[in-house]
Amino acid sequence: MDGETDIKEIYENVMNILEDLTSNTHKLQEQVMEEILKSNAGTEYLSRFFPNGQADKQSFKTNVPIITYEDIKPYIDRIANEETPSILLAYRITQFIQSTGTSEGQPKLIPMTAENPQSCFNGSDEGKSLYLYFIKPEMETPSGLVASLYTTFYFKTKSFKTGLAKFCASPIEAILCSDNEQSMFCQLLTGLLQRDEVVRMGSSFASVLPRSIKFLDDYWKELCSNIRTGYLSDWITDAGCRNAMSLILTRPNPEMTDLIQQICEDKSWEGIIKKLWPKIKYISSNCTGSMSQYIPLLEFYGGGISLVSPNYSSSEACFGINLKPLSPFDVSYTFLPNTAYFEFLPVNKDGGGKAQETRTIDKPVDLVNVKLDQYYEVVFTTLTGLYRYRIRDVLKVTGFYNKSPHIDLDKTTEEDLSKAIMKAKLVLEPLGIIRYVLFWELKMKGRNDLPKLDAELMEQCCCIVISGLELRVVKHGTFDQLMDFYVSKGASITQYKPPSCLKSKEAAKMLNSGMVGKFFSSKTMF
């Protein structure tokens, strides 16, 4: 298969390096810890844990507490407000990276230094890539340091502009456009204009791709009009986009328009990606964890195109890479021992996929001491001021590559959801609370409209999950509106993760406004 051959070629050039890294996992981890302590033991934050001045690995693990962002936030806020970075780390901070945090909360600020920029983005040496990338405007802290998403930072670097950008179908001006709607329109338009050259498609997170297909569904007629006339829509007002598109949309192309129109007019959009971009070999995106819910939709739109989830990373660190990228439902990442110092908290996974729904059962173990089939919460230490830092990701060890573990990012399954609700029920029942609300958006294969929902069948669904459950079915597109809401509140379209629990009254009101049916385990209400 061409896609498989192409992917193997992409990963072949890193295998020799990976072999060396994973064969020397313990040595590299010791070196990472030694460098961190040598550089940062004298900082205000760390020095208080070494009262006798003895800063070694053992005293570090004995004295330094395991923390979350809230514990380190006062130090980061001080740096953002013009205090010296040396209170937290020895290196000069060049800017802050805004983590996605949660859809409900404010972004975290993660220090970045000139020594630590690292990219988990992947390139190739043939064909065009329709990578749908978006930025979010930067902000400036009182200290003058810029804060931005990692993607925003990376897309402005020389490394991106002279590397991966050369293979992107989208012009850099469209990617850097801060208006996501204009950016999306121009990126899809350039992708369609180069449809016979595009060999791969992707995004940072899988949630972006269904959203892009929805945008295409809404705008394909206008996109076709642009291609037919050779004229860019007037509402595209961003100067960078207009200038870049003037070099791509250079003439009318009625033949291409007729072909695209014929494809888009089909009642079913099953396989629409393969039909519009016939040479695509794979779709590259993070499809693990909460993003795994989008796999069936991507398979539907992809028409058999391979899904690739290339790496496991966060705004705080890069953790590992996927050595078997052609298995979207069975993804494991091989940990890279040179990116941070890693520890793992053994947990008993008994009621959900997040660490706060699990129970820590022992002291943390080192990277080389994890056990097969055991669940852990990852804790890591970096040169950039994050010491024994937890992000509440629960991982399962699925195997080993030399001396480095393969891990699977834990998923919240329907069974996990049911168990979590049951545990919450035990807490809430003494308060007299007997109803639990779950929102569902259902999509018909091949069309967006729903038939009349069978009340008895939907009641069975409620009972299967939990007694006392209220199931609210919302119309197609409601969760896209929810995404729009959170983006308008500051979330990034590139890194948006749907909330599993709503805290916002506005968001709950939005979902309720899209409701087409309300069902209860013992009766149906309309």
Side-chain angles (χ1 to χ4, degrees), residues 25-26 28-80 83-99 101 107-118 145 147 150 313-320 335-347 355-356 360 362-370 376-393 395:
T25 298
H26 177 72
L28 289 169
Q29 282 284 276
E30 294 293 307
Q31 289 175 352
V32 170
M33 173 53 70
E34 183 180 345
E35 184 179 2
I36 291 171
L37 292 177
K38 182 179 179 180
S39 301
N40 296 341
T43 60
E44 179 184 320
Y45 178 84
L46 272 187
S47 61
R48 60 198 175 114
F49 301 114
F50 307 123
N52 299 322
Q54 183 177 352
D56 55 30
K57 175 183 170 182
Q58 187 55 49
S59 56
F60 176 86
K61 297 183 72 171
T62 300
N63 300 328
V64 178
I66 293 174
I67 63 167
T68 64
Y69 181 75
E70 292 306 314
D71 299 302
I72 207 82
K73 184 177 183 296
Y75 292 86
I76 292 177
D77 287 345
R78 287 168 59 188
I79 296 171
E83 283 202 45
T84 173
S86 62
I87 62 175
L88 193 60
L89 68 158
Y91 294 101
R92 182 178 69 88
I93 295 176
T94 55
Q95 76 160 79
F96 289 108
I97 295 300
Q98 292 176 304
S99 79
K108 304 169 186 175
L109 296 181
I110 308 300
M112 169 170 274
T113 69
E115 287 77 15
N116 84 304
Q118 53 189 341
L145 291 171
Y150 183 81
S313 62
S314 70
S315 303
E316 295 88 348
C318 181
F319 302 103
F335 256 70
L336 301 175
N338 63 329
T339 59
Y341 182 77
F342 296 107
E343 299 173 81
F344 295 82
L345 281 167
V347 295
Q356 57 264 41
T360 302
D362 208 343
K363 294 181 180 180
V365 299
D366 291 337
L367 180 64
V368 293
N369 292 323
V370 296
Y376 296 94
E377 181 186 349
V378 64
V379 175
F380 56 92
T381 299
T382 70
L383 272 168
T384 56
L386 303 179
Y387 308 109
R388 308 196 84 189
Y389 183 87
R390 63 195 297 187
I391 56 174
R392 301 194 182 279
D393 279 0
L395 317 172

- With L37, which residues qualify under side-chain contact (heavy atoms from CB on, under 4.5 Å), at least two apart? M33, F50, F60

- Task: Tell me, please, which residues at least two apart from V32 pass side-chain contact (heavy atoms from CB on, under 4.5 Å).
- Result: I36, Y341

Of all residues at least two apart in sequence or in a different chain, which pass the salt bridge (Lys or Arg N to Asp or Glu O under 4.0 Å) check with [X]?
X: D71; result: none
X: E35; result: none
X: E83; result: R78

- Give me the one residue out of S315, S314, P111 that meets side-chain contact (heavy atoms from CB on, under 4.5 Å) with I97.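 Exactly one candidate clears the test, S315.
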
Taking every non-hydrogen atom, the tightest pair across [X] and [Y]:
X: L109; Y: Q98; answer: CD2-CG, 3.9 Å
X: C318; Y: S313; answer: CA-CB, 3.9 Å
X: T25; Y: L367; answer: CG2-CD2, 3.5 Å
X: P346; Y: P364; answer: CD-CA, 4.3 Å
X: T43; Y: N40; answer: OG1-O, 2.8 Å

Rounded at 0.5 Å granularity, tell me how far [atom1] in [X] sits from [atom2] in [Y].
X: K57; Y: T62; atom1: NZ; atom2: OG1; result: 11.0 Å
X: L383; Y: L89; atom1: CG; atom2: CG; result: 8.5 Å
X: R392; Y: T68; atom1: CZ; atom2: OG1; result: 6.0 Å
X: L395; Y: F344; atom1: CG; atom2: CZ; result: 6.5 Å
X: M112; Y: I93; atom1: CE; atom2: CD1; result: 11.0 Å

The criterion is side chain to side chain donor-acceptor pair (under 3.5 Å); which residues satisfy it with [X], sequence neighbours excluded?
X: E70; result: none
X: E343; result: R388
X: D56; result: Q54, S59
X: K38; result: none

- Task: Return yes when atom CD of E34 has more than 12 non-hydrogen atoms of other residues, nucleotides or ligands closer than 6.0 Å, and no otherwise.
- Result: no

- Query: Between Y45 and F49, how do the two ring planes meet: parallel, tilted or perpendicular, split at 30° and 60°?
  - Reply: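 Perpendicular.
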
- Residues that F96 engages under ring-ring contact (aromatic ring centres under 6.0 Å, His included), provided they are two or more places apart: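 Checked F96 against ring-ring contact (aromatic ring centres under 6.0 Å, His included); zero matches.
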
- Query: What residues form a ring-ring contact (aromatic ring centres under 6.0 Å, His included) with F380, not counting sequence neighbours?
  - Reply: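 Partners of F380 by the ring-ring contact (aromatic ring centres under 6.0 Å, His included) criterion, ordered by chain and then number, come out as F319, Y389.
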
- Item | Verdict with supporting geometry, L386 and Y69, side chain to side chain contact (heavy atoms under 4.5 Å, CB included) | CA-CA 9 Å; L386 303 179; Y69 181 75; 5.8 Å; no

- Message: Within the 4.5 Å heavy-atom criterion, are F342 and Y376 side-chain neighbours or not?
- Response: no

- Side chains of L88 and I72 in contact at under 4.5 Å (non-hydrogen atoms):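 Yes, at least one pair of side-chain atoms sits under 4.5 Å.
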
- Task: Identify the residue among K61, Q29, H26 that makes a side chain to side chain donor-acceptor pair (under 3.5 Å) with D366.
- Result: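 In the set K61, Q29, H26, the residue that makes a side chain to side chain donor-acceptor pair (under 3.5 Å) with D366 is K61.
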
- Message: Could you walk me through whether Y75 and Y387 satisfy the ring-ring contact (aromatic ring centres under 6.0 Å, His included) test, starting with their C-alpha distance in whole Å, then the side-chain angles of each, then the deciding distance to 0.1 Å, before giving a yes or no?
- Response: CA-CA 12 Å; Y75 292 86; Y387 308 109; 9.5 Å; no

